[in-house]
Every structure is written in C-alpha cells, then in structure tokens.
There are 2 protein chains.
Amino acid sequence: MKYGNRSIIRLSQYRNVLKRLYALGFLKVFSSNLSDAVGVTPAQVRKDFSQFGIAGNKKGGYDINDILKKMDGILGKDKVQKVIIAGMGNIGSALIHYKGFEKEGIEIVAGFDADPVKVKETGNVKIYHINKMYDFIRDNNIEVGIIAVPDNAAQAVFDIMVSAGIKGGLNFAPITLKMDQGCIMRNINVGVELETTIYFMNALKKQDELCS
Amino acid sequence: MKYGNRSIIRLSQYRNVLKRLYALGFLKVFSSNLSDAVGVTPAQVRKDFSQFGIAGNKKGGYDINDILKKMDGILGKDKVQKVIIAGMGNIGSALIHYKGFEKEGIEIVAGFDADPVKVKETGNVKIYHINKMYDFIRDNNIEVGIIAVPDNAAQAVFDIMVSAGIKGGLNFAPITLKMDQGCIMRNINVGVELETTIYFMNALKKQDELCS
DNA sequence: ATTATTTTGAGATATATTTCACAAAATAGC
DNA sequence: GCTATTTTGTGAAATATATCTCAAAATAAT
C-alpha cells in the first residue's frame, strides 16, 4: 500500500481543521464540512480517508476524536519528533522561535550556524557553531533536520547531516539537494512560490481581458 | 493553452539554475543537465519547454541567454512586482528582511501589523499599523500580498487585502482562505510540510525493516 | 561529402490523481 | 416497523501528469 504525496498533505490539513473543531466542542463531521474547510471536494475527503482506513458512519459522518487518533497514528504523532535547524539567518531564526510546532509534537532542539556571532549556548533553544552539528545529531539521535543556510553551503551542510544520521526534513535553500534513497527532503522555496503565483495572476488577468 | 501548476513551478526552478550557470559563464545547456540539477527527467524538461514554446537546437541544446529571456517574459519579470506583508511575527519579519527577492524583481514595499509596538515608520522598508493597509494598497496599486498573521486573523486581513485590490500572493497561516475567482493564493504551511516529511520517513523506515 | 553521433521535439503510452455516480448503511420521522 | 432521507464507501470514468520512444535535425568526425 503506497499513498500519494497529495493524500498525506491533505491528511495533515484535515487534522488541523479537526483539532480546531474538537476544541470548539464538535464531536463529528461530514466529508462536506471538511471539504469546505480545506478547499477540496467531499469525494476527495472520503477517498483520502478510505485509503488510510479511516472509516465513518453512513449518515452519521465521522467521529472527530476517533479519526484524530487514527491520524495521529498514521502521521507518527505517538512520540515527539526532535528537529534541528542549520542556518540562523532570517528563516532559520524565525523557525527556531516559532511557537506552533510544540503542540504538533515537533520540538526544535537546537540551531547551528557558521557565524560565531550567531552562536548562543544559553537560553531555551541553544544555538551552536555548525562544527558541533555532527556530534549533536549523533549524540541525540536526531533524525529530522531543516536546511536554512545559503544555497552555496546547503549541499555540504546536508551531507554532514546525513552522515550523522539525519533521515529527512525540509530544505529552504533554493537548490535541489543530491541524496541517495533512504532520505526524504521537502523543498520550500518562497521565491519560486511567489513567481508561480505572479504567473497565474498574470494569466488570469489576460484571460479576463479577453472576456471583457 | 493552459499549463499545469507543476510546469510553472519547474520553470521557475529551471530559471534559478540557468541564472547560476549563466553567471558561471555557461552559454548553453542540455535538457539532461537541467534535469540533473532540478531532479527530474530530461524528457520532463523538454516537455515543459515545448509547452511554453521554449525551443533549443537539436544536438546543440538550449541557449541559456535566449531561454532565460523567454522565461522572464513568461513569468512576468518585465516589471518589478511590489509586494506587501501583513503580520510582523517570526515569519513576516524574516520575509521583510530577506535579501533574495530583490534580484528576482520582487520588492517588499511595506509591512503591516496590528501591534503598535511592531510599527516602525522609519527605515528602509516601513512597517505600518494594519489599519493603514487598505489605503496603502489602494494608493500604491499593490497587487501581491503575503499573509503572515495568526490563523484567526488571516481571513479578515485577506478580505481587506482583496477589497483594496490585491489579486494574489502567499498565505502562511494554517487555514484555507475563502476567496472568489480572480484571486490566486498559494499556501505555505511549514507544519504540514514537516508532518508530511515525517510520515514518509516513517514509511521508508518500515519498508527497510521489511527488506532486512 | 558522407557517416556517425548526439540531442531535441512530440506523439503514444503509462501512471497518478481527482471526480462521478450510485448502492448500501445508518438515522430520523411517522 | 416502515418509509424517506442523508451520508458513506468505492468501483468506474475522467482528467492531469510524467515517461517512453524514436524520427528528424544539427553537429562533429573522417
């Protein structure tokens, strides 16, 4: 059983909505509620759920508590995931201070930077020099890493991560990392996202002009 | 002629690689070079190019300068895109200070926040109170906006943006914005990305266990 | 000038993803 | 208890996306 990327992304999105609904006191949802909230079709929600073996009651919809538990299992939420961040520039610093991860069972345990000025080995989440990263990953059995270093350093930093035991994570550097099987990195590139958006905005504008 | 999301995203990625190659003194590339750099198949590169009318020379590959110009046209790089950011928290602040946009023809022209403490109407890129956002968008004909406010404020802020003239942008809030046609927003949700990555890491681990 | 080699371009094929459509189950009303 | 209504679950159809294959063009070699 292999599930497509898309289904998993949506599963995480459904989960976000469900947690809010549950906090509001809701006990059950219909596929159409979720589809409205996430911006997909009800059939999509049901297909996604059925792929992961998440079942509801005909006419009764889905029991939020029930399916949240199931989702937690699927998404590996049974244990806290420890994550490190390499690069304490704008994005790295933003992420290390971001409060939203904790309640998701994701804990940023350390930051690393090549610039000694950025090092700060006191405080809540410590920032070490990058040359301590390898040992830190080894000693603490870290498996998830975030690359937020400049593009020209990204591959080298990533290689160190992998050699130390990192199995996956996120890459904010605007390059495609070279890696072997057995490692999962997702790329987040704000510039590319903005360019893409602007392209579609322009395309839409042209289309409107044609219609008017 | 309608092009899929994916092709446009890759076009922007190809462009990033090509600009670097050009800066290094390269004059031409083959589809296989680009595919290596971006992590796709050569056929994918060629199909993408042919969709956008980007032509190369059989045996000679593609002329970098040529196709960069063409890409600039496709991606609307002929004029500088002015962008505003709502929300000066971790992510908003990171983006407003990010240097990478400028050379992409993207200019962050202002930030906005509801917290008076964050307001700073001096300096390079000014930060105004959020209640000045509507007029700013109107007066400066801004079309691109970035939502970096907390999730419970996101829809309201977005609605103001749209009413003032925003046509698209990025949404970092972990909700799905409700909008009519004629507006393009792309969602970036670091939490979802991390969860998805961790899911695939776990799936991979299980698979490996089965094989060994 | 001819032949061999390389690489594009695109139709055909394969795969992935989404939507449709409707039977089956659960609930509510009478 | 029976009927009407609602909503799930899923196979089938539709759409979107990616890969394969190979002829045609361009270049290089002899």
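Residue numbers begin at 1 in each chain, while the letters A, B, ... track the order of the sequences.
- When the C1' atom of D/dG11 is taken as reference, atom NZ of A/Lys47 falls 7 Å away, rounded to whole Å.
- Checked for salt-bridge contact, A/Glu195 and B/Arg15 meet the test: a charged N lies under 4.0 Å from a carboxylate O.
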Donor-acceptor pairs under 3.5 Å, side chain of residues 144-156 of chain B to any protein atom, not counting sequence neighbours: which ones?
from: B/Asp151; atom 1: OD2; to: A/Arg20; atom 2: NE; distance (Å): 3.3
from: B/Asp151; atom 1: OD2; to: A/Arg20; atom 2: NH2; distance (Å): 2.9
from: B/Gln155; atom 1: OE1; to: B/Lys178; atom 2: N; distance (Å): 2.8
from: B/Gln155; atom 1: NE2; to: B/Asp159; atom 2: OD1; distance (Å): 2.9
from: B/Gln155; atom 1: NE2; to: B/Lys178; atom 2: O; distance (Å): 3.1

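- Here A/Arg46 does not reach the OP1 or OP2 of D/dG9: none of its side-chain N or O atoms lies under 4.0 Å away.
- In this structure, B/Leu34 atom CG and C/dG9 atom C1' are separated by 16 Å, rounded to whole Å.
- Checked against a 6.0 Å centroid threshold, the rings of B/Tyr62 and B/Phe30 do not count as neighbours.
- Taking atom CZ of A/Phe49 as the reference point, atom C1' of C/dT19 lies 17 Å away to the nearest angstrom.
- Within the 4.5 Å cutoff, the side chain of B/Phe112 has no heavy atoms near those of the B/Val157 side chain.
- Computed from coordinates, the A/Asn5 CG to D/dA16 P distance equals 19 Å when rounded to whole Å.
- Close placement of the A/Phe101 and A/Tyr98 rings is indicated, their centers lying within 6.0 Å of each other.
- When rounded to the nearest whole Å, the span between CG of B/Asp63 and P of C/dT8 equals 13 Å.
- Considering only the side chain of A/Phe30, D/dT8 comes nearest among D/dT8, C/dT8, C/dT19.
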Between the protein and nucleotides 23-27 of chain C, are there any N/O to N/O pairs under 3.5 Å, and if so, what are the atom names and distances?
from: C/dA26; atom 1: O4'; to: A/Lys58; atom 2: O; distance (Å): 3.1
from: C/dT27; atom 1: O2; to: A/Lys59; atom 2: NZ; distance (Å): 3.4

